[in-house]
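Keep in mind it's a predicted model, so treat the numbers as computed, not measured. Chain letters run A, B, ... following the sequence lines, proteins first, then strands; residues in each count from 1. Both backbone and side-chain heavy atoms feed into the values below; hydrogens, waters and symmetry mates do not.
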Amino acid sequence: GNSVTQMEGPVTLSEEAFLTINCTYTATGYPSLFWYVQYPGEGLQLLLKATKADDKGSNKGFEATYRKETTSFHLEKGSVQVSDSAVYFCALYSSASKIIFGSGTRLSIRP
Amino acid sequence: NAGVTQTPKFQVLKTGQSMTLQCAQDMNHNSMYWYRQDPGMGLRLIYYSASEGTTDKGEVPNGYNVSRLNKREFSLRLESAAPSQTSVYFCASSAGTAYSNQPQHFGDGTRLSIL
């Protein structure tokens, strides 16, 4: 069946460091891929999405490219801020499995 | 700009008690969802409703019931709470009349503890 695998956290970085959070997926067909962010005490918010191969989603300085050849959708940001501290979820949608969330990666940024 | 509103925010129950979690959205969305979030397991879908008057089971429906009262409201009921149902519960909604790749909008969650 379909599945999403994220790198385990927590990930701790210094402010202005480069961020990569890995996400790989297993799916039949052509799923849509998402990154959601969850700030402390809040629900998830959509950060970015990509609906077909080679699409790049971007928002708030974050980017992720839908790579069908490597079945990946890694999240990147060139210079992180303390305010980026949150839990990040990779998610997949397909008509076969509906939406599946990864287990989440906690990110902490040191000033 | 309320979006998705969940009540209560916190609740402690004893084993065997019942309760209903309330959810309302003001975005005129057709689809609504209930998830539970447990450490290290991401979000798991309990039930969803693709439109008013319809509900379907998700990945972990056992021990729960739902009601889509109208287009705005989707409630989750625990008839006889068990410690395994201790979790954070999230309600979400999305546009469209079927479970689709439309982005979901989440409430802030209900933190439920079963003693």
Atom CZ of B:Arg77: over 12 foreign heavy atoms under 6.0 Å: yes
Cluster check B:Val88, B:Phe74: I/L/V/M/F/W/Y, side chain < 4.5 angstrom: no
A:Glu69 atom CD: more than 12 heavy-atom contacts under 6.0 Å: yes
B:Leu45 side chain reached by A:Ile99 side chain, heavy atoms, under 4.5 Å: no
Inter-residue atom distance A:Leu44.CG - B:Asp108.CG, 0.5 Å rounding: 10.5 Å
Interchain contact, A:Glu8 with chain B, by part (heavy-atom threshold 4.5 Å): neither
Atom NZ of A:Lys68 with >12 non-hydrogen neighbours under 6.0 angstrom: yes
B:Arg111 versus A:Gly41, closest heavy-atom pair with distance: NH2-CA, 3.6 Å
Euclidean distance, A:Ser103 OG relative to B:Leu43 CG, rounded to 0.5 Å: 11.0 Å
Cluster link B:Tyr35 to B:Val4, ILVMFWY, side chain under 4.5 Å: no
Inter-residue atom distance B:Gln37.CD - A:Gln38.CD, 0.5 Å rounding: 4.5 Å
Approximate separation, where rounding is to 0.5 Å, of B:Glu59 CD and A:Phe101 CZ: 11.5 Å
Spacing of B:Phe90 atom CZ and A:Glu42 atom CD [to the nearest 0.5 Å]: 9.5 Å
Any donor-acceptor N/O pair, A:Tyr36 side chain to B:Gln104 backbone, under 3.5 Å: yes
Connected via hydrophobic side-chain network under 4.5 Å: A:Tyr88 and A:Phe73: yes
Chain A contact via B:Arg44 - which portion, at a heavy-atom distance below 4.5 Å: neither
Heavy atoms from other residues, nucleotides or ligands near OH of A:Tyr30 exceed 12 (cutoff 6.0 Å): no
